Q: 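Sharing a structure here in structure tokens format.
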Amino acid sequence: MKQFWLMKSEPDAFSFDDLQAKGKQGEPWDGVRNYQARNHMQNMKKNDLVLFYHSSTKPAGVVGIAKVIKESYPDFTALEPESKYFDPKSDPENPRWFMVDIVFQKHIKRLVTLKEIKANPALSEMQLVTHSRLSINQVTEQQWDEIIKMSELS
DNA sequence: GCCAACGTTGGC
DNA sequence: GCCAACGTTGGC
């Protein structure tokens with residue numbers, strides 16, 4: 001069964017254009033230090049599709065589509081003391097944090113803003129709305145279709 | 001830059 | 001196991 005996700009990024013740090021520039025090699029999604037978000041990553045399967053979301057920007061919203069190309073594996077930055085994501089409590093024998101690799105898939109026709117998502121009753125159950133601080137969200141197929149539909153309306 | 005919401009930590 | 005203190009996220 002195909003699964004759908006939404007991943008947030010601050011475009012100043014890493015944007016959808018940056019992901020596209022990475023080409024086929026994609027990008028390891030390091031630095032996630034929240035258990036719920038980690039659990040979502042551990043459930044991701046190769047070829048699952050991802051809504052790429054820009055946060056802390058004007059306006060915030062979904063900017064494009066990415067795809068999972070590597071399933072979860074330990075986030076090595078948690079074990080590197082010189083990394084800004086270093087977690088002294090993460091044990092190399094039993095890693096606490098994981099990451100996945102994602103790759104650019106395609107652009108959508110236009111930005112779908114958070115404001116529009118919040119205004120759409122069909123999307124009131126989205127984790128993006130109900131768990132606004134969670135950086136990696138699960139998306140249902142119906143929600144996915146609705147967002148894509150919105151992106152195709154001018 | 002502010003601040004509300006909320007996840008995490010640590011003392012007890 | 002409770003909960004106050006603290007840190008972070010993210011919209012505005």
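Proteins come first, then strands; the chains are lettered A, B, ... in the order of their sequence lines, and each starts at number 1. Side chains included, hydrogens not; waters and symmetry mates left out as well; all remaining heavy atoms used. Fair warning: this is a prediction, and the values are worked out from it, not measured in the lab.
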Q: Does A:Ser56 reach a base, just sugar-phosphate, or nothing at all? Heavy atoms under 4.0 Å.
A: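 The answer is base, as A:Ser56 lies within the cut-off (heavy atoms under 4.0 Å) of a base atom.
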
Q: Could you note down all residue pairs passing ring-ring contact (aromatic ring centres under 6.0 Å, His included) where residues 55-81 of chain A supplies at least one of them, sequence neighbours left out?
A: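 Applying ring-ring contact (aromatic ring centres under 6.0 Å, His included) to every pair that reaches into residues 55-81 of chain A, excluding sequence neighbours, yields nothing.
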
Q: Taking 5' to 3' order, which nucleotide of DNA chain B is first and which is last to have an atom within less than 4.0 Å of a heavy atom in chain A?
A: B:dA5 to B:dG10

Q: Taking the six-membered ring for Trp, are A:Phe104 and A:Phe52 closer than 6.0 Å centroid to centroid?
A: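 Centroid separation for A:Phe104 and A:Phe52: 6.0 Å or greater.
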
Q: Step through it carefully: locate the ring centre of A:Tyr35, locate the ring centre of A:Trp97, and say whether they are under 6.0 Å apart.
A: yes

Q: Mind checking A:Lys8 for me? I need base, sugar-phosphate or nothing, with any heavy atom below 4.0 Å counting as a touch.
A: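 Sugar-phosphate contact only - A:Lys8 comes under 4.0 Å of backbone atoms but never of a base.
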
Q: Would you say A:Glu125 has more than 12 foreign heavy atoms packed within less than 6.0 Å of its CD?
A: no

Q: Need to verify one output field. Residue with the more 5' nearest nucleotide on DNA chain B, A:Lys89 or A:Gln36?
A: A:Gln36

Q: Do the side chains of A:Leu6 and A:Val50 get nearer than 4.5 Å, heavy atoms only?
A: no

